[in-house]
Engineer: 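Below is a structure I'd like to ask you about.
Atoms within each ligand, like the ligands themselves, are counted from 1 in listed order.
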Amino acid sequence: VKRPIGLFDSGLGGLSVLIEIRKLLPNESLLYVADSKYCPYGEKDEEFLRRRAGIIGEFLLEEGCKAIVVACNTATAASVGMMRQRFKVPVVAVEPAVKPAAARTRSGVVGVLATRTTLQSEAYAQLLIRHAAGIEVLGADCPDWVAAVERGETGGSAAESLVAERVQPLLARGADTLVLGCTHFPFLRSAIEAAAGAQVTVLDTGEAVARQLQRRLGDLHLIEDAANLPSHRFVTSAPSAHTESFLRAVWPDLADIETFPR
Ligand code: DGL
């Protein structure tokens with residue numbers, strides 16, 4: 001089977017999920033769509049995001065994808081129900097790690113770093129009802145973090161003061177566990193850990209998503225073995241020079257950058 005796994009995000013954030021998938025499933029062909037023309041998703045409404053998810057999902061299936069990974073918490077909150085209904089391949093999605101955070105916190109206070117659209121979504125409200133009973137959950141949206149990652153500004157003192165501004169108030173209110181509820185944020189992990197200190201646990205979901213994908217593909221006997229020479233494709237709705245160096249650093253064996261015209 002040579003069919004690729006399709007992934008998408010508003011931009012480059014979903015590459016944090018792609019990295020984990022490559023570790024676990026190194027023989028798979030991958031087709032990544034960055035919907036950069038509409039980045040950030042975190043400032044768009046759910047109806048718009050469902051429309052984009054529909055258009056991108058259709059493209060991924062036309063390209064023969066055997067599974068779709070929604071590598072974006074915001075797109076998941078808005079559209080995973082629609083996608084599972086409409087697309088007849090496994091749809092694996094990412095949501096903030098509230099459940100593991102609730103199990104882990106000792107102070108009973110958890111900070112969730114995510115986009116505004118995610119934090120305001122019904123899907124997120126349901127997640128809290130299901131998994132955070134008796135826990136105080138502090139949501140913090142961080143719109144400028146997404147833009148910083150898109151520019152590849154993930155380290156150094158600029159990144160550290162950017163994240164400290166958002167992380168400090170959560171610590172001041174007693175948070176001992178921080179959830180990276182946006183796939184862009186794992187790229188800021190060292191800055192976040194520096195701001196939070198060693199006492200604080202920082203959780204993200206990339207590895208869990210990769211394991212879930214591995215399980216789903218395994219059940220369907222769709223995992224490639226080492227005989228497969230994987231192909232890697234990156235398609236973006238807005239090619240831009242200022243994101244390319246970060247893209248190449250994260251995905252060094254990528255060849256062309258293709259344009260997504262829809
Ligand atoms: N990476 C996305 C997420 O996981 C959204 C970032 C954005 O475009 O606002 O929520």
Engineer: How does Thr74 reach ligand 1, if at all, at less than 4.0 Å between non-hydrogen atoms: by side chain, backbone, both, or neither?
Structural biologist: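 For Thr74, backbone and side-chain atoms both sit under 4.0 Å from ligand 1.
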Engineer: Number the atoms of ligand 1 from 1 as they appear, then name those within less than 4.0 Å of a heavy atom of Asp9, with their elements.
Structural biologist: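 Going through ligand 1 atom by atom, the ones under 4.0 Å from Asp9 are 1 (N), 2 (C).
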Engineer: What part of Val94 sits under 4.0 Å from ligand 1 if we count only heavy atoms: the side chain, the backbone, both or neither?
Structural biologist: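 Under 4.0 Å from ligand 1, Val94 contributes no heavy atoms.
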Engineer: At under 4.0 Å between heavy atoms, is it the side chain or the backbone of Thr183 that contacts ligand 1, or both, or neither?
Structural biologist: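 For Thr183, the contact with ligand 1 is made by both the backbone and the side chain.
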Engineer: Does some non-hydrogen atom of Gly13 fall short of 4.0 Å from ligand 1?
Structural biologist: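 No, that is not the case, since the closest heavy atom of the residue is not under 4.0 Å from the ligand.
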Engineer: Could you find the nearest protein heavy atom to atom 2 (C) of ligand 1 and give me its residue, atom name and distance?
Structural biologist: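 The protein heavy atom lying closest is Cys72 SG, 3.2 Å.
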Engineer: Are the side chains of Lys66 and Pro4 in contact, using a 4.5 Å heavy-atom criterion?
Structural biologist: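 Counting from C-beta outward, Pro4 and Lys66 never come under 4.5 Å.
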Engineer: Closest by any non-hydrogen atom to atom 8 (O) of ligand 1: pick that one out of Gly42, Ser10, Gly14.
Structural biologist: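 Comparing heavy atoms across Gly42, Ser10, Gly14, the nearest one to atom 8 (O) of ligand 1 lies in Ser10.
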Engineer: Is any side-chain heavy atom of Arg52 closer than 4.5 Å to one of Tyr41?
Structural biologist: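 The answer is yes; the side chains approach within 4.5 Å.
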Engineer: State the atoms of ligand 1, each with its element, that fall below the 4.0 Å cut-off from a heavy-atom position in His184.
Structural biologist: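 Close to His184: 1 (N), 2 (C), 6 (C).
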Engineer: Apart from Leu119 itself, what residues make up its hydrophobic cluster when side-chain heavy atoms of I, L, V, M, F, W and Y under 4.5 Å apart count as a link, directly or indirectly?
Structural biologist: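 Val98, Val110, Val112, Tyr124, Leu127, Leu128, Ile135, Val137, Val179, which link up through side-chain heavy atoms under 4.5 Å apart, make up the rest of the cluster.
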Engineer: So, do Ile192 and Trp145 sit near enough that their side-chain heavy atoms are less than 4.5 Å apart?
Structural biologist: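 The answer is yes, as the side chains (C-beta and beyond) meet within the 4.5 Å cut-off.
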Engineer: Would you check if Arg22 and Trp251 make a side-chain contact, meaning some heavy-atom pair closer than 4.5 Å?
Structural biologist: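 SC-SC contact between Arg22 and Trp251 confirmed.
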Engineer: Are Ser36 and Ser237 close enough that a side-chain donor and a side-chain acceptor fall under 3.5 Å?
Structural biologist: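 The criterion, which ignores hydrogens and geometry beyond distance, is not satisfied for Ser237 and Ser36.
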